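What follows is a single structure, written as structure tokens, with notes after it.
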Amino acid sequence: MSTTLITGGTVVSSTGRSEADVLIDGEKILAVLAPGSTLLGHDLKSSVDTVLDAAGKYVVPGGIDAHTHMQMPFGGTEASDTFETGTRAAAWGGTTTIVDFAIQKYGERVMDALTAWHDKASGECAIDYGFHQIIGDVNDDSLKAMEGLIDEGISSYKLFMAYPGVFYSDDAQIFKAMRVGADTGLMTMMHAENGPAIDAMVAELLAQGKTDPYYHGVARAWQMEEEATHRAIMLANLTGAPLYVVHVSAKQAVAQLAAARNNGQNVFGETCPQYLYLSLEDQLGAPGFEGAKWVCSTPLRSKLEHHQDHMWQALRTNDLQMVSTDHCPFCMKGQKDMGVGDFSKIPNGIGGVEHRMNLIYQGVVDGKIPLERWVEITSTTPARMFGMYGRKGVIAPGADADVVIYNPEGHTSIGLEKTHHMNMDYSAWEGFEIDGHVDTVLSRGRVIVDDNQYLGSKTHGQYLRRAPSQYLI
Ligand code: URP
Ligand code: ZN
Ligand code: ZN
């Protein structure tokens, strides 16, 4: 077992910061020590195998992205990052754990789908990974199978109120699944948009000749998100199911979540970097077909209505608990361009797994959130929300040595295909400048990124069995 000492840095947690050295033994953190400490009379620097100098830098728990879709079959194609390329890109950006979605499609058995996802990911990941289970066909068989998910290390499942004919569940199906979720200790994750009404509005817009990507955002109006969020909250209230609403983008949906939480309900929400920085007007409304790059659901919202400011505010006030990416990349050529002349045929999704830690750190620099909140919403809360805390999301003795040395004096220019590592022929984040840099990344004690070099391997990442949520009220 090799030993590593990270020395001279500022260790930042969700609750504070201190000057400390971090001693790693093999895959685990052994101790967090006052700077320059000795252990049993030994000078640590000269007794460990590796010393990493973190002077002037932040030492933070590795990022946890709890919402990714590697090689997801969707929209008539497949998300362009494989588990190999997507987890490598994640590592570059300081994310050391992902929770991806195993998908039970209509007509499939849940456990068969889960096995298929294990086969896709096993031996292909640079970092540790877990799964949520998508239930795309709620029926007696899948409801029964849900009862076995905890034994598989899966403590959360996702339903869709959107995408009729694909993953959509009606209210009766949601009610039944939530009952099982409540009884078995599963977190219900919800894609909250009124799918049938959206489809009717899409048909209206297309009939009027409104075919540009911009109209994706018009069809998926905030009312569609608010209404579905409210309905999900009410069904969760009735069944006692803990509820986690994914990719929240509308300020009205946040208000629904906040009201339910104020009522004492176990209701939570995530937002994504795209809803903090990008807009209906500037990105979806870009000239010609360019806006297709930013077609995702829920959609980018109007900057005139200030949804983006509200998302930052909700992260400050804990009306939203965390930030995931909903990483679901598609290339422009051969994928997004399927929707030229019909926005409803553009595969939905944005890639960003590599940039989340940097983009949210920029929020610290810009005075939107405190430094500790950055750690909380990108690592500690995801760990607690999805049953990984103690092992992940914290720098403390006994935790996995997933650590990022982050340089606040560094700089990151997010750019084109050639400067990011995701398998995409464009970047949704082109032109973004970050006042910070991911210098070094350790995953279970192994340095996988250092000094702008990738040192990891696709066989390093392990499947992570998760416990029930540690975040419930
Ligand atoms: O546009 C999105 N969000 N694509 C991925 C699938 C989903 O709904 O999360
Ligand atoms: Zn979704
Ligand atoms: Zn998603």
Side-chain angles (χ1 to χ4, degrees), residues 65-81 86 90 98-105 117 129-136 156-169 174 187-195 198-199 202 213 215-217 219-220 224-225 228-229 232 243-250 253 268-276 278 280 283-284 291-301 322-332 335-336 338-339 343-353 356 382 385-386 422 424 428:
D65 191 341
H67 187 158
T68 66
H69 301 281
M70 304 305 172
Q71 55 198 91
M72 175 190 191
F74 194 44
T77 180
E78 185 167 296
S80 57
D81 263 320
I98 59 163
V99 190
D100 206 89
F101 289 83
I103 303 178
Q104 178 230 11
K105 287 196 284 208
W117 251 260
Y129 62 97
F131 292 129
H132 313 286
Q133 181 66 53
I134 285 176
I135 306 290
S156 44
Y157 73 102
K158 182 179 178 187
L159 297 176
F160 290 80
M161 301 167 96
Y163 310 136
V166 188
F167 299 128
Y168 174 76
S169 290
I174 292 169
M187 177 73 82
T188 300
M189 303 172 79
M190 189 62 78
H191 180 132
E193 286 186 297
N194 186 325
I198 287 169
D199 279 6
V202 167
Y215 293 102
H216 171 82
R220 307 185 92 93
M224 305 287 192
E225 184 182 348
T229 303
L243 174 69
Y244 175 95
V245 180
V246 295
H247 46 55
V248 176
S249 62
F268 314 101
E270 71 174 17
T271 192
C272 311
Q274 50 269 34
Y275 308 122
L276 295 163
L278 311 178
L280 172 70
Q283 277 77 28
L284 263 182
K293 292 176 175 173
W294 297 279
V295 164
C296 62
S297 298
T298 59
L300 303 185
R301 298 288 174 202
M322 49 189 267
V323 178
S324 312
T325 55
D326 191 10
H327 178 77
C328 190
F330 297 102
C331 291
M332 278 296 266
Q335 295 194 295
K336 291 277 186 184
M338 289 158 59
F343 69 84
S344 72
K345 295 199 165 56
I346 301 168
N348 285 204
I350 287 187
V353 73
R356 185 185 62 122
M385 188 69 73
F386 292 113
M422 299 173 288
M424 298 173 71

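Counting starts at 1 for both ligands and their atoms, in listed order. Being a predicted model, the structure only gives us computed values, none of them experimental.
The Zn ion (ligand 3) has no N, O or S atom of Cys328 inside 2.8 Å of it. In summary, no N, O or S atom of Phe160 is located under 2.8 Å from the Zn ion (ligand 2). In summary, an N, O or S atom of His69 is located under 2.8 Å from the Zn ion (ligand 3).
Of all the atoms in ligand 1, the ones that sit under 4.0 Å from a non-hydrogen atom of Phe160 are 8 (O). For ligand 1 and Asp326, the ligand atoms under 4.0 Å from any heavy atom of the residue are 2 (C), 3 (N), 5 (C), 9 (O). Residue Cys296 has at least one heavy-atom neighbour below 4.0 Å for each of these atoms of ligand 1: 1 (O). Numbered from 1 in the order shown, with element, the atoms of ligand 1 that lie under 4.0 Å from a heavy atom of His191 read 8 (O). Distances below 4.0 Å separate heavy atoms of His67 from the following atoms of ligand 1: 9 (O). In summary, the atoms of ligand 1 found under 4.0 Å from a heavy atom of His69, numbered by their order in the structure, are 5 (C), 6 (C), 7 (C), 9 (O).
The closest donor-acceptor contact from the side chain of His69 to the backbone of Asp326 lies at 3.5 Å or more, if one exists at all. Judged purely by atom type and a 3.5 angstrom limit, His132 has no side-chain atom pairing as donor or acceptor with the backbone of Phe101. A donor-acceptor contact shorter than 3.5 Å links the side chain of Lys336 to the backbone of Pro347. No side-chain donor-acceptor contact under 3.5 Å links Thr271 to the backbone of Ser249. Looking at Ser156, its side chain never comes within 3.5 Å of a backbone N or O of Met187 through a donor-acceptor pair.
Checked by atom type, the side-chain pair Thr325/Arg356 shows no donor-acceptor distance below 3.5 Å. For the residue pair Thr298/Tyr275, the side-chain donor-acceptor check at 3.5 Å is satisfied. Between the side chains of His327 and Asp65, no donor-acceptor pair of N or O atoms lies under 3.5 Å.
Under a 4.0 Å heavy-atom criterion, Tyr163 is in contact with ligand 1.
A distance of 6.0 Å or more separates the ring centres of His191 and Phe167.
Closest heavy-atom approach to atom 1 (O) of ligand 1 among the candidates Cys272, Ala79, Ser297, Cys328: Ser297.
The minimum distance between the Zn ion (ligand 2) and any N, O or S atom of His191 involves atom ND1. Nearest N, O or S atom of Asp326 to the Zn ion (ligand 3): atom OD1.
Any N or O atom pair closer than 3.5 Å counts here, and Asn348 shares at least one such pair with ligand 1.
Here the protein heavy atom with the shortest distance to atom 7 (C) of ligand 1 is Lys158 NZ, 3.6 Å.
Shown are Leu300, Ile346, Leu280; of these, the side chain to side chain contact (heavy atoms under 4.5 Å, CB included) with Trp294 is made only by Leu300.
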